[in-house]
4 protein chains.
Amino acid sequence: MRSDSGSTGQRRRPEAHRSFIEQARRAQLIECAIEVVCELGYGGASLSRIAERAGVSKGVVSYHFVGKAELIEEVVHDVLARGEAYAAREWFDRLPDDAGAWDLLSTYLRSNLTYIAAHPRALQALVQIIGNHRDGEGRRIFGPAWSAKLRAPIESICRGGQEAGEFRGFDVHVMAIAVRRVIDGFVFELLDHPDLDAAAFIEEVVDMFDHATRAERAR
Amino acid sequence: MRSDSGSTGQRRRPEAHRSFIEQARRAQLIECAIEVVCELGYGGASLSRIAERAGVSKGVVSYHFVGKAELIEEVVHDVLARGEAYAAREWFDRLPDDAGAWDLLSTYLRSNLTYIAAHPRALQALVQIIGNHRDGEGRRIFGPAWSAKLRAPIESICRGGQEAGEFRGFDVHVMAIAVRRVIDGFVFELLDHPDLDAAAFIEEVVDMFDHATRAERAR
Amino acid sequence: MRSDSGSTGQRRRPEAHRSFIEQARRAQLIECAIEVVCELGYGGASLSRIAERAGVSKGVVSYHFVGKAELIEEVVHDVLARGEAYAAREWFDRLPDDAGAWDLLSTYLRSNLTYIAAHPRALQALVQIIGNHRDGEGRRIFGPAWSAKLRAPIESICRGGQEAGEFRGFDVHVMAIAVRRVIDGFVFELLDHPDLDAAAFIEEVVDMFDHATRAERAR
Amino acid sequence: MRSDSGSTGQRRRPEAHRSFIEQARRAQLIECAIEVVCELGYGGASLSRIAERAGVSKGVVSYHFVGKAELIEEVVHDVLARGEAYAAREWFDRLPDDAGAWDLLSTYLRSNLTYIAAHPRALQALVQIIGNHRDGEGRRIFGPAWSAKLRAPIESICRGGQEAGEFRGFDVHVMAIAVRRVIDGFVFELLDHPDLDAAAFIEEVVDMFDHATRAERAR
DNA sequence: TATGAATGAGTGTTCATTCAT
DNA sequence: TATGAATGAACACTCATTCAT
């Protein structure tokens with residue numbers, strides 16, 4: 001999932017030989033970056049503030065990451081990887097072998113939303129970075145191509161559901177956009193209202209997409 | 001609709017006595033700010049770049065606006081005001097006197113989406129600003145309260161539709177979030193794919209929310 | 001008293017043909033400059049703030065004065081001229097024809113101190129300007145030569161007193177410095193403690209210099 | 001003696017763990033600030049000029065001091081601390097155990113004046129800063145309260161002398177003002193006339209205050 | 001590995017000044 | 001006479017980055 005095409009031209013260190021301590025520091029700094037981005041926004045997440053939060057000197061960040069860009073992109077990679085691992089478990093646990101399209105879509109929704117509910121701050125950072133991180137010329141790093149890749153599985157599920165007659169004949173691209181937008185919106189909702197009933201919210205969303213996708217008289 | 005709550009403590013000039021030329025410059029600078037924010041993102045929209053785009057010296061911006069915050073917030077005010085004017089016209093033109101909840105909601109969707117299709121860059125700037133503009137302590141200027149105000153009319157329409165039996169018994173808050181998130185997502189879609197068939201996209205969205213909201217056997 | 005040697009190279013307008021209105025504006029701006037310097041200090045006295053205080057546009061100041069330097073130097077000229085006029089009246093009123101050195105010195109002290117008590121803000125501005133106003137290369141405009149001129153009459157009086165045996169054989173230069181420093185210090189005292197008993201203060205100062213100057217067994 | 005009342009709200013670094021090199025840089029920058037303030041005045045002492053004088057880049061100053069205010073206030077602290085250390089030595093060396101009020105006062109005068117004669121530039125900077133340094137709202141940082149603290153020991157000595165019958169019944173507050181004003185005036189005198197006979201000047205001042213304070217027939 | 005020190009570009013802002021109207 | 005508009009330099013400050021130790 002992670003695009004290794006060094007967006008900024010900066011080469012990443014060879015991931016192979018990293019000592020234990022280096023791995024730990026990187027993980028710690030990524031964690032701190034998440035917190036700072038979440039609290040102060042992408043623009044407020046300077047290296048000094050991240051280092052300060054980690055209780056280390058500013059140089060440490062530059063030592064472990066080739067540049068700010070690598071740290072930021074590593075945050076994205078990290079959060080995404082953890083999310084995918086979580087989703088894979090859900091997928092395996094919850095889905096029967098003969099799962100229908102709606103089973104797939106509702107599982108996709110639930111696994112995404114429960115993961116967000118469990119780590120709202122990490123995903124807030126992710127959203128901030130995706131919307132703001134740019135290269136030297138001002139081009140978004142996580143642009144259209146990246147979003148398309150994120151939407152692909154949803155579109156695939158939807159197409160399957162339509163072919164099976166389970167879903168009505170909507171435009172799968174539009175539906176995928178709606179699904180992702182609603183999922184990502186959950187992040188803000190959770191942070192803005194910490195006392196939100198997440199489970200109820202999730203079921204409402206699932207229910208909404210049930211009505212939105214279901215074939216007229218199906219299921 | 002415009003929140004006069006001077007987020008930064010900076011006082012805005014008395015809007016009353018503004019010369020023609022001042023109005024023109026302000027409008028030009030707001031326009032340039034929109035373009036720069038749209039192209040380079042919130043973080044890339046420095047006063048120098050905005051001034052450069054306008055072909056004037058940096059001091060001009062400071063002359064016409066009390067501070068960067070005023071310029072940025074004026075962009076929000078401006079885009080919002082134009083959007084509301086547009087929506088008001090649509091409302092008046094399209095809606096019969098005895099409009100039902102679905103008439104209202106679909107008009108809300110269509111007027112918002114067609115306005116976005118007409119000025120995608122302005123609304124991209126708006127989205128960037130809303131998500132990133134913060135005060136000196138790092139608090140979002142356009143935070144939860146602001147979003148809530150934006151969602152209020154949608155929730156009101158939904159409640160009306162439920163009371164009239166036109167809509168099913170979904171959670172109006174969740175639905176309002178979905179509506180706004182999908183609408184705002186349209187902004188990115190348009191800019192990322194300039195050749196998009198906007199009309200078709202809009203009808204798909206309207207159709208989706210028709211299915212999502214409709215009472216089981218209604219209409 | 002005013003040194004016309006254009007300290008900054010800037011030429012002053014010919015003082016001759018000034019319309020009534022121009023005179024009034026200049027006087028008003030000088031007054032406002034005094035207030036602003038007094039309240040915000042020399043460094044805080046920008047043309048904008050002075051103009052704002054006067055309720056006119058910034059350009060007005062530049063119109064009536066060749067540059068900021070002229071305005072500032074005109075403040076000095078003005079306050080000094082008013083002070084001298086006051087002193088001259090006191091001199092004429094209070095002094096007998098056969099006045100002794102102590103009569104002269106005490107009158108000098110009293111006329112200076114009462115003038116300060118009457119216009120503390122103007123003299124606070126004066127002190128601020130004299131200590132801070134500099135030319136383009138950073139040289140003080142009101143430097144040693146200027147202070148020397150201010151001290152000349154005191155030294156002259158002291159020398160007279162010594163020749164007459166009225167004063168003891170102190171160093172007139174040192175005494176003149178002390179006199180001027182104490183007088184100028186009164187300015188701060190008045191502004192810092194508005195409820196100060198000025199008359200008592202003045203008599204204490206006069207008394208102090210009586211003891212400081214008097215010949216051992218004289219008077 | 002150092003007022004820790006963070007005048008600007010800016011926090012000073014924990015003075016404890018400062019590396020040797022940091023201490024050296026700070027000292028150097030403080031020295032350069034003194035020179036620049038002395039030569040160009042408070043208003044001419046920009047960070048760039050101070051850095052330039054030190055032969056370092058502008059950022060170095062910001063690196064070692066939280067803000068300009070800290071640097072400036074550190075100059076005050078530094079000069080004052082050195083002066084107090086000097087005065088304490090003088091006090092210890094010169095004063096007998098049974099010192100009278102005049103011994104105290106004359107030692108106060110001499111130690112202050114000789115310190116000034118030894119470091120006129122540092123004290124010129126001090127005077128400039130005290131008269132001009134202000135907070136964001138234009139209020140003087142070293143205002144009335146600060147001056148009062150500086151005058152306290154003089155007043156105390158004077159009161160002692162009066163109670164002992166050594167001094168005449170002058171107003172101690174007025175006398176303290178005179179003492180401080182004359183002392184500070186020495187700074188300008190030295191810089192304006194580098195060839196001044198400092199020792200003679202000092203003795204003249206001491207002599208003057210002897211006459212000014214002495215009880216009618218005492219000593 | 002980690003730090004402290006330094007750099008230089010870039011930020012928003014203020015300012016005195018100029019000039020057409 | 002007076003204004004509003006614009007300029008460009010200077011200001012304090014922040015930042016990502018580099019590097020010797």
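Within every chain, numbering begins at 1; the chains are lettered A, B, ... in the order of the sequence lines, protein sequences first and strands thereafter.
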Tell me: [atom1] of [X] to [atom2] of [N], nearest whole Å?
X	N	atom1	atom2	answer
D/His64	E/dG4	NE2	P	12 Å
B/Glu52	E/dG10	CD	C1'	13 Å
D/Leu40	F/dA10	CG	P	13 Å
B/Glu22	F/dA6	CD	C1'	12 Å
D/Ile50	F/dC13	CD1	C1'	14 Å
D/Leu29	E/dA5	CG	P	12 Å
A/Gln23	E/dT1	CD	P	11 Å
C/Phe65	E/dT18	CZ	P	16 Å

So, is [X] close to the [N] phosphate, meaning a side-chain N or O under 4.0 Å from OP1 or OP2?
X	N	answer
C/Arg49	E/dC15	yes
D/Ser46	F/dC11	yes
A/Ser19	E/dT1	yes
D/Arg25	E/dA5	no

Q | 5'-to-3' dot-bracket of DNA chain E (Watson-Crick, G-U; under 3.5 angstrom; crossing pairs as [ ]; | other strand) | A | .||||||||||||||||||||
Of the candidate nucleotides [options], which contains the atom at the shortest distance from the side chain of [X]?
X	options	value
A/Tyr63	E/dA2, E/dT13, F/dG4	E/dA2
C/Val60	F/dT3, E/dT3, F/dT17	F/dT3
C/Lys58	E/dG12, E/dA6, F/dA6	F/dA6
A/Ser48	F/dC15, F/dT1, E/dC15	F/dC15

Any side-chain heavy atom of [X] sitting closer than 4.5 Å to one from [Y]?
X	Y	result
B/Arg25	B/Val56	yes
D/Val37	D/Val75	no
A/Ile50	A/Leu71	yes

Q.
Using the rule side-chain hydrogen bond (donor to acceptor under 3.5 Å, both in side chains), only one of C/Glu70, C/Glu31, C/His64 pairs with C/Arg26; which is it?
A.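 When side-chain hydrogen bond (donor to acceptor under 3.5 Å, both in side chains) is applied between C/Arg26 and each of C/Glu70, C/Glu31, C/His64, only C/Glu70 qualifies.
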Working to the nearest 0.5 Å, report the span between [atom1] of [X] and [atom2] of [Y].
X	Y	atom1	atom2	answer
D/Leu29	D/Glu74	CG	CD	11.5 Å
B/Ile72	B/Ile30	CD1	CD1	10.0 Å
B/Cys38	B/Leu126	SG	CG	11.5 Å

Q: Taking side-chain hydrogen bond (donor to acceptor under 3.5 Å, both in side chains) as the test, write out the residues that go with B/Glu39, two or more places apart.
A: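 By the side-chain hydrogen bond (donor to acceptor under 3.5 Å, both in side chains) rule, B/Glu39 matches B/Arg53, B/Arg121.
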Q | Toward the 5' end of DNA chain E, by each residue's nearest nucleotide, B/Lys68 or D/Ser57 | A |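 Per heavy-atom nearest nucleotide, the more 5' residue is D/Ser57.
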Q: Hey, which sits more toward the 5' end of DNA chain F by its nearest nucleotide, B/Phe20 or D/Ala45?
A: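 Of the two residues, B/Phe20 wins.
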Q: Tell me which of D/Gly44 and C/Ile21 sits closer to the 5' end of DNA chain F, going by the nucleotide each one is nearest to.
A: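 Result: C/Ile21.
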Q. NA contact type, D/Val56, heavy-atom cut-off 4.0 Å: base, sugar-phosphate, or nothing?
A.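 Result for D/Val56 = sugar-phosphate.
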